[in-house]
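Each remark here refers to the structure printed beneath this line.
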There are 2 protein chains.
Amino acid sequence: MTRIPAPERRVALIEAALRVVSRNGIAQATTRAIVAEAGMSLASFHYAFDSRDELIDELISTVIDRTRGAVMPEVLVEGTLVDVLEAGIVRYFEHLKADPEHEQAMLELTQYALRSPERHPLARAQYARYVELAEQSLAIAAERSHSTWTVPVTRVARTLVAFTDGLTVTWLVDRDDAAALAVAHAAADALSRMAEPR
Amino acid sequence: MTRIPAPERRVALIEAALRVVSRNGIAQATTRAIVAEAGMSLASFHYAFDSRDELIDELISTVIDRTRGAVMPEVLVEGTLVDVLEAGIVRYFEHLKADPEHEQAMLELTQYALRSPERHPLARAQYARYVELAEQSLAIAAERSHSTWTVPVTRVARTLVAFTDGLTVTWLVDRDDAAALAVAHAAADALSRMAEPR
DNA sequence: AGCGAACTGGGACATGTGACCCAGTTCGAA
DNA sequence: TTCGAACTGGGTCACATGTCCCAGTTCGCT
């Protein structure tokens, strides 16, 4: 009924799609399901997007852009590097626990992108973004703990991303908080060895 | 043409399904695709299985049972615990590189199982199996390096699984061998701190 | 107010898919 | 050798899904 210009509709559809993917998985993110979630008619979908694929691609791009420093955001703690790192990872874990479906959706989108050569770059971009954010956090962490990375920060960041990823996948499966915290501790420990006091 | 008893057919279909999932992803593992891969007719499928869901469930169970000590199998190296651990993880990494599609399939099956409450236990079982295998490997590793775990082995194992999982996901995305080896190194380092010389 | 373009709703179509059915064929046991 | 059950192939059904079309409606501009 209400007229909405196409660009806004694209945004609304992407939001709706993310909700559907989070709630029901990407396999259930059909055009009809997305449109229902957005409260629109099917025609509006193809007025705003050429195809479902186009929407999914934009969805992935959007979540990449939107990914803020969830991984170790503003590190609040002052202290040893290990402590700062662990606090950061634990904070990410809290974020994961607060919205597991979202992280699960991210994982699914990655898997999805990995499945076609044309979309593979999207998955790479997603992880490049993760690494970028991790790098920033690690720089801050070193700062706060008066340390210097003895290994290129990018490499440390890649490792951090791998660790948090593993933590995410395993926790999504077993929901074992204590185990996840143990992983966080071990990961922080490993990372801290890549720096020295300044 | 050739008559094949139902139980054998089930096995053949599961094998075929695994190949299809590895090659094209679980979304493409339709009854028709599986049947074509197995060189059977569609009717044979529903003669052997009640439904596609039943096959997928059995597929997951099968891969769980079949999962051998890919994660740090017979640890060959003698040496420091770190070295033994790293060698084991690197060996897993070689396995991953040798057949990336298989590990990707495992990941997809997990994600798939995670999406429905009835199947969630399958995902848990899969990871429980991983942890079990990791535990065995870790016991051997401690043995070989004359060390003792100072933390319950199960917890160490869970952490190892998380680490290798993270390594897997990130490597599947960026195919960065050097980065993966760095993760392996860091992971081995972290794990080795959970033991002491005997 | 009037006009053209932007937008909307409902329906339609082709295709893919899971499930099923049934008439035939083949095998093993009696 | 015969007979019944196990098995097979091909066709079919219902439904979901991506895409499209078109007649109508609404808006911004003149």
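Below, read A as the first sequence line, B as the second, and so on, with proteins coming before strands; counting in each chain starts at 1.
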- [ ] Could you check how far CD of B:E8 sits from P of D:dA6, rounded to whole Å?
- [x] 16 Å
Open item on the list: So, taking the atom named CZ in B:R52 and the one named OG1 in B:T30, what distance separates them when rounded to the nearest 0.5 Å?
Closed with: 7.5 Å
- [ ] Determine whether B:M40 and B:V11 fall in the same hydrophobic cluster, where Ile, Leu, Val, Met, Phe, Trp and Tyr are linked whenever their side-chain heavy atoms lie under 4.5 Å apart.
- [x] no
TODO: Write down the distance between CD (B:E54) and P (C:dG18), rounded to a whole number of angstrom.
DONE: 14 Å
- [ ] For the pair A:F49 and A:F45, name the ring-plane relationship: parallel under 30°, tilted 30 to 60°, perpendicular over 60°.
- [x] tilted
TODO: Look at the side chain of B:S147 and the backbone N and O of B:E143, then say whether any donor-acceptor pair between them is shorter than 3.5 Å.
DONE: no
TODO: Classify the ring geometry between A:Y130 and A:Y127 as parallel (under 30°), tilted (30 to 60°) or perpendicular (over 60°).
DONE: perpendicular
Task: Among C:dC7, D:dA6, D:dG9, the nucleotide that comes nearest once only the side chain of B:S41 is considered - done: D:dG9
Task: Rounded distance in Å - CZ (B:F49) to P (C:dC20) - done: 15 Å
- [ ] Could you pick out which residue, A:Y47 or A:S44, lies toward the 5' side of DNA chain C when each is mapped onto its nearest nucleotide?
- [x] A:Y47
Open item on the list: Please check this pair: side chain of B:R10 against backbone of B:A48, looking for a donor-acceptor N/O pair closer than 3.5 Å.
Closed with: yes
Would you tabulate the nitrogen or oxygen pairs shorter than 3.5 Å linking the protein to nucleotides 17-20 of chain D?
unit_1	atom_1	unit_2	atom_2	d
D:dG18	OP2	A:T31	N	2.7
D:dG18	OP2	A:T31	OG1	2.8
D:dG18	N7	A:R32	NH1	2.7
D:dG18	O6	A:R32	NH2	2.9
D:dT19	OP2	A:R52	N	2.8

